[in-house]
*Asks:* 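I'd like to ask some things about the structure below.
Residue numbers run from 1 in the order of the sequence given. Numbering of ligands and ligand atoms starts at 1, following listing order.
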Amino acid sequence: MDRRSFIATSVGAAALATSLADTIAAVGDDPLVVSTWDHGMAANAAALAALVSGGSVVDAVERGVMVTEADPTNLSVGLSGLPDRDGIVTLDACIMSGDGRAGSACFLQGIAHPISLARMVMEKTPHVMLVGAGAERFARENGITQKPNALSAEAKKAWEQWLTEKKYKPVINIENHDTIGLLARDAQGRMAGACTTSGLAYKIHGRVGDSPIIGAGLFVDDEVGGATCTGLGESVIRTSASTIAVERMRYGATPQEACEEAIKRIVKKHDNWKDFQVGILAIDKQGRYGAFALHKGFTYALNKELKTAGAYG
Ligand code: SD4
């Protein structure tokens, strides 16, 4: 059976089970890009454009999420994101290539493209992760201009509103956007992922979530596939959710089954799972994809199409 008819047969069999029918993709040998939330549509377009114009899969994931980081209307990624309790925007990002290289930069102030800094950490240092003032210094030394820290008008308004009550409560599905996690597979089967965020709104100054943590917010292995998460980072770190998904795929799970396993683990380990949201995406080396979330409302972009993931609760 050739590759295309194998995938077609899989799709036919899976039609009996809605979740599988939804999520096994007949992508053939074309590039595959998936990313979180509605804002993933613009990111995917840039990632696909990078692949089509001959860029590497690492170029594609970086350029894809840079679009989201640069969107001045985005309240959850980039410098326009919502601040911490002190009114300071701090940004986190990581990037991983399926060959095992990885870079991360977090607790950043005034860095417009944390993903590019994460890539520099991956490519120009022997390290995986740089944090805070040291990361910012490394950025400046490598030609990245650090901007003054200022809140966008919308973020300032939201923060001032929050200050009136100062309630800490993770929100479910922030206006259909949150962290962007993007996974790509090129026509040769090479994979990479990128994840970037302003993190949990009104967090304690210094808090870092899952998004820059390799194995939590993002994990990619060319031998298997990749996964990325969005939502309440603490729950994702506690369970190494992206790693769970990739390791499930290593031992035979489809990307959809792997995503469902990771979400079930979060449920198992958190009595309060009804109070927060986590969404996860996965791709595998065969070019299949999967998506699942704790709660309804998790949207994701599949190449040029917007989809809604199934949910546990
Ligand atoms: C984080 N996963 O920092 C990110 C984004 C987020 O609620 O906060 N979502 O945890």
Side-chain angles (χ1 to χ4, degrees), residues 35-40 43 65 68-69 71 74-86 88-96 104-109 111 114-115 118 129 131-132 155 158-159 162 167-183 193-219 227-245 259 262-263 266 269-270 272-281 291-295 297-300 309 311:
S35 63
T36 55
W37 304 108
D38 296 16
H39 55 200
V65 302
T68 327
E69 289 179 335
D71 177 357
N74 196 309
L75 289 170
S76 52
V77 179
L79 290 174
S80 57
L82 292 172
D84 62 19
R85 290 168 175 225
D86 300 349
I88 300 168
V89 178
T90 65
L91 304 179
D92 306 324
C94 74
I95 191 162
M96 187 163 192
S104 163
C106 61
F107 193 45
L108 306 170
Q109 295 184 39
I111 302 293
I115 199 65
M129 186 175 226
V131 176
W159 176 58
W162 178 81
K167 270 197 189 145
Y168 172 73
K169 195 173 186 319
V171 277
I172 293 178
N173 298 334
I174 311 173
E175 299 160 8
N176 285 333
H177 62 79
D178 201 286
T179 298
I180 182 147
L182 185 149
L183 303 166
C195 191
T196 177
T197 190
S198 53
L200 190 67
Y202 318 128
K203 59 197 172 187
I204 293 174
H205 187 65
R207 179 267 189 190
V208 168
D210 61 315
S211 306
I213 310 284
I214 297 295
L218 175 71
F219 195 63
T228 190
C229 294
T230 177
L232 188 66
E234 282 75 4
S235 71
V236 174
I237 297 172
R238 286 188 196 108
T239 52
S240 295
S242 292
T243 304
I244 288 183
C259 288
I263 291 294
I266 290 173
K269 297 288 180 187
H270 295 84
N272 64 337
W273 65 269
K274 287 194 174 150
D275 298 336
F276 60 88
Q277 172 68 306
V278 173
I280 180 166
L281 300 178
F292 205 56
L294 281 174
H295 304 286
F298 172 43
T299 58
Y300 64 101

*Asks:* Under 4.0 Å from a heavy atom of Asp178: give me the atoms of ligand 1 that qualify, with their elements.
*Replies:*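 Once the distances to Asp178 are compared, the set is 5 (C), 6 (C), 7 (O), 9 (N).
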
*Asks:* Using a 4.0 Å cutoff against the non-hydrogen atoms of Ser211, which atoms of ligand 1 qualify?
*Replies:* 2 (N), 4 (C)

*Asks:* Below 30° counts as parallel, above 60° as perpendicular, anything between as tilted: where do the rings of Trp162 and Tyr202 land?
*Replies:*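 Because their plane-to-plane angle is under 30°, the rings of Trp162 and Tyr202 count as parallel.
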
*Asks:* Tell me, please: is Lys203 in heavy-atom contact with ligand 1, that is, under 4.0 Å?
*Replies:*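 Per 4.0 Å heavy-atom rule, Lys203 does not contact ligand 1.
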
*Asks:* Run the numbers for me: atoms of ligand 1, each under 4.0 Å from some heavy atom of Leu200, listed by number.
*Replies:*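 Near Leu200, meaning under 4.0 Å from one of its heavy atoms, ligand 1 has 3 (O), 6 (C), 7 (O), 8 (O).
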
*Asks:* Just to verify, what does Cys94 make a side-chain contact (heavy atoms from CB on, under 4.5 Å) with, not counting sequence neighbours?
*Replies:*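 Cys94 satisfies side-chain contact (heavy atoms from CB on, under 4.5 Å) with Ser104, Cys195, Ile214, Leu218 once adjacent residues are dropped.
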
*Asks:* On a heavy-atom basis, I'd like to know which of Gly209, Cys195, Gly279, Gly231 is closest to atom 7 (O) of ligand 1.
*Replies:*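 Looking at heavy atoms only, Gly231 sits closest to atom 7 (O) of ligand 1.
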
*Asks:* Rounded to the nearest 0.5 Å, how far does CD1 of Ile115 lie from CG of Leu91?
*Replies:*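 If I round to the nearest 0.5 Å, the distance is 11.5 Å.
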
*Asks:* With a cut-off of 4.0 Å, which atoms of ligand 1 are near a heavy atom of Thr179?
*Replies:*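 Once the distances to Thr179 are compared, the set is 2 (N), 4 (C), 5 (C).
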
*Asks:* Looking at ligand 1, does any of its N/O atoms fall within less than 3.5 Å of an N/O of Glu234?
*Replies:*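 Checking ligand 1 against Glu234, no N or O pair falls under 3.5 Å apart.
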
*Asks:* Quick check on contacts: which atoms of ligand 1 are under 4.0 angstrom from a heavy atom of Asp210?
*Replies:*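 Within the 4.0 Å cut-off of Asp210, ligand 1 contributes 1 (C), 2 (N), 4 (C), 10 (O).
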
*Asks:* Output all residues satisfying side-chain contact (heavy atoms from CB on, under 4.5 Å) with Ala309, sequence neighbours left out; order by chain, then residue number.
*Replies:*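 With sequence neighbours excluded, Ala309 shows a side-chain contact (heavy atoms from CB on, under 4.5 Å) to Ala291, Phe298, Tyr300, given in chain and number order.
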
*Asks:* Pairing donors with acceptors under 3.5 angstrom, does anything connect the side chains of Asp38 and Thr299?
*Replies:*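 Indeed, the side chains of Asp38 and Thr299 share at least one donor-acceptor pair under 3.5 Å.
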
*Asks:* In terms of side-chain heavy atoms, does Asn74 have a donor or acceptor partner in His39 at a distance below 3.5 Å?
*Replies:*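 On atom types as modelled, these side chains qualify, holding a pair under 3.5 Å.
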
*Asks:* Go through ligand 1 atom by atom and flag the ones less than 4.0 Å from a non-hydrogen atom of Thr197.
*Replies:* 5 (C)

*Asks:* Roughly how far apart are Arg238 CZ and Asp210 CG, rounded to 0.5 Å?
*Replies:*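 Here the interatomic distance stands at 11.0 Å.
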
